[in-house]
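Below: the structure, in structure tokens.
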Amino acid sequence: MTTGSPASRIAQLTGLSVREARVAGTQHGYQHLMLTLAGGRRAFAKVAAAAPASDGSASDKPAVDEVSAAFAAEANSLRWLAEAKAVPVPEVLAVSHGALVIAMIPPGHASAGAAFGFGAELARLHASGADAFGAPWPGFIASLPLDNTLTPPPGSTAPGSSWPQWYASRRLLPYLRGATDSGALRPEDARLVETVVDRIDELAGPAEPPSRIHGDCWAGNVLWSGDRGWLIDPAAHGGHRETDLAMLALFGAPHLDRILAGYNDAAPLATGWQARVPLHQLHPLLVHACLFGASYREEVRAAARTALAG
């Protein structure tokens, strides 16, 4: 087992020289720590709440694999978003089977001007594109696996060969099954969402090429610092650009009107995008139903009904 103080533990897991580590909370089974590295640089870490065994025992392996995959997915996502040189993201300083360490972003506040600029930068991020829908690494959203299976080759008729079918098969149906199996959703709720899936091609709007999206872009994953919006905790993949904007609206991003104005100024959205917001919100609501149970049942039903009405 990896033992010792938080600072020594992170040093062992990552090879970084850690001067100080302070536990700042927990989420999804990980500890959050504020770090001071050698030389005074500040950093933030996610660390597995219990150190994995080093003997490779079979009983330990699934938890170790899940933690390792989640940290790798976040590191891959941050690096891929950074390649676009559009919206700033924290630098990945180290990633291992038991820890992820990123540069600390100094806290700031959301202003109308910063929101407009963030919208324009988000448009540039999306426009940098992706090779396909999905990503070349296994994904995670919160603590749940996220199927990033890439789009089949052009011309394929397999499920997922277009964004609507990819979204239905990789983002809606897996979490619908999970929420129904757990009892968070009832059979009649499942049938309502299945109707959305059946009509997905007509509801999805004009075809667009894959965009480079954050994938979990709710307001809590946007940090405001230095009069800019920074993206954290991504579930990045090639997806539909309207997905990130719908996520920002779901839990109320500050100055959302200015974010949308900046976005549309840089890259106007397709006609009817507002009517498609509930379709894009259906995936995160199903994820929340899986994580938090029946308290999200009515929101899932409302999004499905509104998507069908649109």
Side-chain angles (χ1 to χ4, degrees), residues 1-57 60-108 125 135-146 148 214-216 220-226 228-237:
M1 299 285 285
T2 304
T3 59
S5 68
S8 64
R9 185 178 169 209
I10 293 173
Q12 291 173 31
L13 287 168
T14 64
L16 293 173
S17 180
V18 181
R19 195 169 74 194
E20 181 182 11
R22 177 173 58 85
V23 177
T26 61
Q27 188 178 34
H28 305 310
Y30 311 141
Q31 282 187 328
H32 290 179
L33 296 102
M34 313 292 281
L35 309 180
T36 303
L37 305 179
R41 186 173 187 182
R42 300 297 306 281
F44 173 83
K46 293 181 180 180
V47 183
S54 59
D55 60 6
S57 59
D60 225 33
K61 195 171 188 305
V64 173
D65 287 348
E66 184 174 288
V67 168
S68 179
F71 290 157
E74 185 170 343
N76 285 331
S77 292
L78 286 168
R79 289 165 174 155
W80 188 60
L81 295 178
E83 289 174 3
K85 294 181 171 56
V87 183
V89 298
E91 179 187 358
V92 176
L93 301 179
V95 61
S96 73
H97 66 278
L100 171 69
V101 182
I102 61 175
M104 178 67 71
I105 307 305
L125 173 67
W137 56 81
F140 273 79
I141 186 163
S143 58
L144 299 178
L146 189 68
N148 276 341
H214 177 281
D216 191 15
N221 284 342
V222 182
L223 296 183
W224 302 94
S225 178
R228 297 178 80 184
W230 291 64
L231 290 174
I232 61 168
D233 287 346
H237 61 276

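Start at 1 with the first residue, then count along the sequence.
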*Shortest non-hydrogen contact between A75 and L100, atoms and distance*: CB-CD1, 4.0 Å
*Specify the closest pair of heavy atoms between A43 and M104, including all atoms of both residues, with the distance to one decimal.*
O-CE, 3.3 Å
*asked:* I need the minimum non-hydrogen distance between V67 and G98, along with the two atoms involved.
replied: CG1-CA, 4.4 Å
*Where is the tightest heavy-atom contact between S77 and A236, given as atom of each residue plus distance?*
OG-N, 3.2 Å
*asked:* Please find the pair of heavy atoms, one from I141 and one from G215, that lie closest to each other, and give the distance.
replied: CD1-O, 4.1 Å
*Would you call L78 and E91 a side-chain contact if the rule is heavy atoms closer than 4.5 Å?*
no
_Side chains of K46 and Q31 in contact at under 4.5 Å (non-hydrogen atoms)_ = no
_Does any part of the side chain of R42, heavy atoms only, come nearer than 4.5 Å to the side chain of T36, both counted from C-beta?_
yes
*L16 versus R41: any side-chain heavy-atom pair under 4.5 Å?*
no
_side chain to side chain contact (heavy atoms under 4.5 Å, CB included) between H97 and L13, intermediate numbers included_ = CA-CA 8 Å; H97 66 278; L13 287 168; 3.7 Å; yes
*Got a donor-acceptor contact below 3.5 angstrom from the S225 side chain to the P106 backbone?*
yes
_I need the minimum non-hydrogen distance between A45 and I10, along with the two atoms involved._
CB-CD1, 4.1 Å
*Verify side chain to side chain contact (heavy atoms under 4.5 Å, CB included) between S143 and Y30, making sure each step is shown before the conclusion.*
CA-CA 10 Å; S143 58; Y30 311 141; 5.7 Å; no
*P90 pairs by side-chain contact (heavy atoms from CB on, under 4.5 Å) with which of V101, I102, D233, L223?*
I102
*Measure the spacing between CG of N76 and CH2 of W137 and express it to the nearest 0.5 Å.*
5.5 Å
*Side-chain donor or acceptor of R22 paired with backbone N/O of L35 under 3.5 Å*: no
*asked:* Working note: L125 + L231, criterion side chain to side chain contact (heavy atoms under 4.5 Å, CB included); need CA distance, chi angles, decisive distance, verdict.
replied: CA-CA 11 Å; L125 173 67; L231 290 174; 3.9 Å; yes
*Gap separating the CG atom of N148 from the CZ atom of F140, nearest 0.5 angstrom*: 10.5 Å
*Hey, mind stepping through L93 and L37 against side chain to side chain contact (heavy atoms under 4.5 Å, CB included) and telling me if it holds?*
CA-CA 11 Å; L93 301 179; L37 305 179; 3.9 Å; yes
